[in-house]
Protein chains: 2
Amino acid sequence: MKALPTDPAAVTIYDVAARAGVGIATVSRALRGSAPVSDATRAKVLAAVAELGFRPSHAGTSLAARTHAANGIVFPDLSGPYYAEVLLGYEETASRLGRSVLVLATHGRDDPESSVRDLARRVDGLVLLGRTVPDHVIEELTAFGLPVVVVARPEVGAADSIRADGLSAARALGEHLAGHGFRRIAFLGSPEESPDVAERWRGVREGLGKHGIEPTVTPCLFDEASGTRVAAALLAGPERPDALVCANDEIALGAIVAAEEVGLRVGVDVAITGWDDVMAARHARPALTTVRQPMRTLGALAAEVLDQRITGHRTTPRHESLATDLVVRDSCGTHP
Amino acid sequence: MKALPTDPAAVTIYDVAARAGVGIATVSRALRGSAPVSDATRAKVLAAVAELGFRPSHAGTSLAARTHAANGIVFPDLSGPYYAEVLLGYEETASRLGRSVLVLATHGRDDPESSVRDLARRVDGLVLLGRTVPDHVIEELTAFGLPVVVVARPEVGAADSIRADGLSAARALGEHLAGHGFRRIAFLGSPEESPDVAERWRGVREGLGKHGIEPTVTPCLFDEASGTRVAAALLAGPERPDALVCANDEIALGAIVAAEEVGLRVGVDVAITGWDDVMAARHARPALTTVRQPMRTLGALAAEVLDQRITGHRTTPRHESLATDLVVRDSCGTHP
DNA sequence: ATGAAAGCGCTAACAA
DNA sequence: TTGTTAGCGCTTTCAT
């Protein structure tokens with residue numbers, strides 16, 4: 001069946017050229033502004049484009065111009081409020097810069113490396129969040145000239161990097177707890193599994209160290225159920241901690257549940273803190289003391305930094321660290 | 001500069017063919033399985049592919065095969081936990097089906113229609129969430145043969161549709177409140193602005209109607225600040241409502257704040273309910289009575305339904321409605 | 001300023 | 001079973 005002439009997908013640059021009575025090269029020039037075109041000709045071309053409802057084929061453009069007009073972003077996982085905010089900032093800025101956004105979540109995927117490599121073939125640049133692929137893959141990608149920005153992950157190869165500075169907030173949190181008289185501090189999280197957590201753990205330890213306190217660390221996954229389980233074990237143990245410093249808000253919210261179950265008053269009998277300031281942190285009772293990260297800005301900045309590389313406006317690596325804020329609420333209320 | 005032979009982006013099907021000592025068509029056949037190839041030849045080709053690190057150019061494939069191997073998804077907005085979950089389910093299923101995912105957020109965009117039309121040129125199918133573009137755009141898109149699935153939006157044109165059935169849950173909610181003795185019910189939300197809200201409003205009214213109760217409705221935006229503001233006005237008014245039925249959880253959480261500010265006990269002096277069951281609903285105190293939607297399933301189903309159309313496995317429209325669950329918690333606790 | 005024509009990397013007839 | 005070749009729709013020299 002022949003496509004209807006009104007089907008925009010069937011209108012090619014040849015149709016426009018014929019209609020305007022010019023060559024296809026002129027249509028291309030008039031549309032992209034890549035070379036001078038007389039005003040009269042341009043007007044004819046634009047008229048034809050409008051009449052025919054012409055929109056350039058993306059594949060054709062991409063093949064000829066060797067560009068994709070698209071950015072990728074790779075998440076370890078898409079659940080939770082954290083990543084949605086990053087994506088929001090990223091998409092907003094990327095599309096303002098004229099680039100489409102392809103998303104990929106590696107979580108639960110059989111072969112993340114291959115997926116990322118495939119994605120790399122259809123974008124002009126890539127943003128990688130956290131621990132999504134091994135370093136050598138990133139080095140490979142950048143070595144072949146693909147612009148890559150890593151977010152919330154240590155610098156690697158020639159890739160740009162953007163992170164939230166958790167160290168100072170973690171130190172402040174440690175000092176705050178020590179200043180309020182908490183002494184037996186337990187950190188819930190797995191520093192060896194994530195550089196982010198490692199940084200938080202280090203900062204908290206340093207902050208407490210100034211007051212001569214040595215916290216303990218207990219491995220914990222990044223979810224509520226794990227938080228409840230680990231906290232319950234800790235609170236039932238021999239040396240009951242008087243403060244639980246959790247690697248993120250989900251763990252902390254789970255810990256609150258555990259504390260309530262054994263009849264402890266959060267903020268009075270035991271302090272509990274989180275990290276991220278998700279919506280639930282504000283609405284929990286007692287409200288959760290936590291650390292706010294500029295997630296949307298993180299995403300937006302990633303899009304900007306990537307664009308500079310893609311357009312060639314910058315060739316030297318850029319490494320940014322954004323400030324975070326300690327948000328003190330009731331869950332770490334004064335010690336009895 | 002000549003690209004290094006090790007740069008995978010520079011390896012074409014010609015290089016592979018030369019290396020394997022076969023024609024490019026044979027390489028294509030061996031890789032796609034589109035036609036029989038002898039085992040010996042296939043082995044040679046695969047060896048060459050591995051040695052050269054060949055990966056087909058997406059643009060080339062796309063242009064020649066007239067396919068994109070990509071799906072689009074258009075959100076009104078990406079903030080809030082709701083959309084992240086839908087996207088998660090969508091991405092997971094789409095990529096399992098071998099399709100990349102392009103995201104577009106129309107919120108705060110100057111020209112959503114044009115953005116969606118552009119997106120439509122680089123995907124094989126599109127999922128549209130809620131009120132992102134006018135009906136006529138969808139009709140146009142489907143008329144030209146582009147598979148479209150609308151989610152959380154009334155059926156339109158030839159597009160498939162997927163929704164969560166809010167009506168029965170809303171009725172149940174209305175009956176539940178009436179059964180617990182609440183009489184002066186205020187609905188917070190704007191039915192005329194969203195079909196979803198209209199459905200919830202209708203269901204609540206029907207549920208209450210069975211008990212001879214006529215609720216009021218007050219327009220309200222979908223965010224916490226608006227919820228607080230509108231609820232504060234309502235609670236300070238002459239005929240103070242004894243139950244606030246909110247169009248979503250954000251509004252409800254904002255309303256809880258307003259109630260606390262004027263010294264009302266939520267769940268005792270005033271019932272408050274939400275919609276969506278976001279994480280914060282569970283952790284709020286009192287915990288929020290709300291309605292849970294299968295958001296992840298919504299996204300996954302959208303990907304599946306879309307794929308059926310794209311692959312041509314189905315040509316007749318499909319309209320799905322997923323069940324929702326009323327989740328009763330303490331915020332609507334028994335009336336005094 | 002403009003047109004003709006040569007690719008971009010791939011798929012799919014068409015031959016052999 | 002395989003190779004040859006003609007496009008797919010566009011950008012970009014190269015002439016004019």
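Labels below follow one simple rule: chain letters A, B, ... track the order of the sequence lines, proteins then strands, and each chain is numbered from 1. The basis for the numbers below is simple: all heavy atoms, side chains too, and nothing from hydrogens, waters or symmetry mates. Every value quoted in this text rests on a predicted model; they were computed, and no experiment measured them.
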Report task. Tell me which of B:Gly21 and A:Val27 sits closer to the 5' end of DNA chain D, going by the nucleotide each one is nearest to. Result -> B:Gly21
Query raised in the report: With nearest nucleotides of DNA chain D determined for B:Ala64 and B:Pro36 from heavy-atom distances, which residue corresponds to the more 5′ nucleotide?
Result: B:Pro36
Is the shortest distance from a Lys or Arg side-chain nitrogen in [X] or [Y] to a carboxylate oxygen in the other one below 4.0 Å?
{"X": "B:Glu92", "Y": "B:Arg96", "result": "no"}
{"X": "B:Arg131", "Y": "B:Asp196", "result": "no"}
{"X": "A:Asp135", "Y": "A:Arg153", "result": "yes"}
{"X": "A:Arg109", "Y": "B:Glu91", "result": "yes"}

Can you tell me if [X] touches the phosphate of [N], counting only side-chain N or O atoms and a distance under 4.0 Å to OP1 or OP2?
{"X": "B:Ser57", "N": "C:dC10", "value": "no"}
{"X": "B:Arg32", "N": "C:dT11", "value": "yes"}
{"X": "B:Ser38", "N": "D:dT2", "value": "yes"}
{"X": "A:Arg66", "N": "D:dC10", "value": "no"}
{"X": "B:Ser28", "N": "C:dC10", "value": "no"}

Query raised in the report: Backbone N or O of A:Arg55 within a donor-acceptor pair of the B:Arg121 side chain at under 3.5 Å?
Result: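 Yes; at least one donor-acceptor contact below 3.5 Å.
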Counting side-chain heavy atoms from C-beta on, which of [options] comes nearest to [X]?
{"X": "A:Thr41", "options": "C:dA1, C:dT11, D:dG9", "result": "C:dA1"}
{"X": "B:Ala25", "options": "D:dG3, D:dG9, D:dT12", "result": "D:dG3"}
{"X": "A:Ile24", "options": "D:dC10, D:dT4, C:dA1", "result": "D:dC10"}
{"X": "B:Leu63", "options": "D:dC8, D:dT11, C:dA1", "result": "D:dC8"}

Query raised in the report: To the nearest 0.5 Å, what is the distance between OG (A:Ser57) and CZ (B:Arg66)?
Result: 8.5 Å
Check every strand shown and say whether [X] touches a base, only sugar-phosphate, or nothing at a heavy-atom separation below 4.0 Å.
{"X": "A:Gly60", "value": "base"}
{"X": "B:Arg29", "value": "base"}
{"X": "B:Ser62", "value": "nothing"}
{"X": "B:Thr61", "value": "sugar-phosphate"}

Can you tell me the distance, in whole Å, between the [atom1] atom of [X] and the [atom2] atom of [N]?
{"X": "B:Arg122", "N": "D:dC10", "atom1": "CZ", "atom2": "P", "value": "14 Å"}
{"X": "B:Arg121", "N": "D:dC8", "atom1": "CZ", "atom2": "P", "value": "15 Å"}
{"X": "B:His68", "N": "D:dG9", "atom1": "NE2", "atom2": "C1'", "value": "12 Å"}
{"X": "A:His58", "N": "D:dC10", "atom1": "NE2", "atom2": "P", "value": "12 Å"}
{"X": "A:Lys44", "N": "C:dG3", "atom1": "NZ", "atom2": "P", "value": "8 Å"}
{"X": "B:Tyr14", "N": "D:dT5", "atom1": "OH", "atom2": "P", "value": "11 Å"}

Report summary line: Nearest-nucleotide check on DNA chain C, B:Ile13 vs A:Gly23; residue mapping nearer the 5' end is A:Gly23
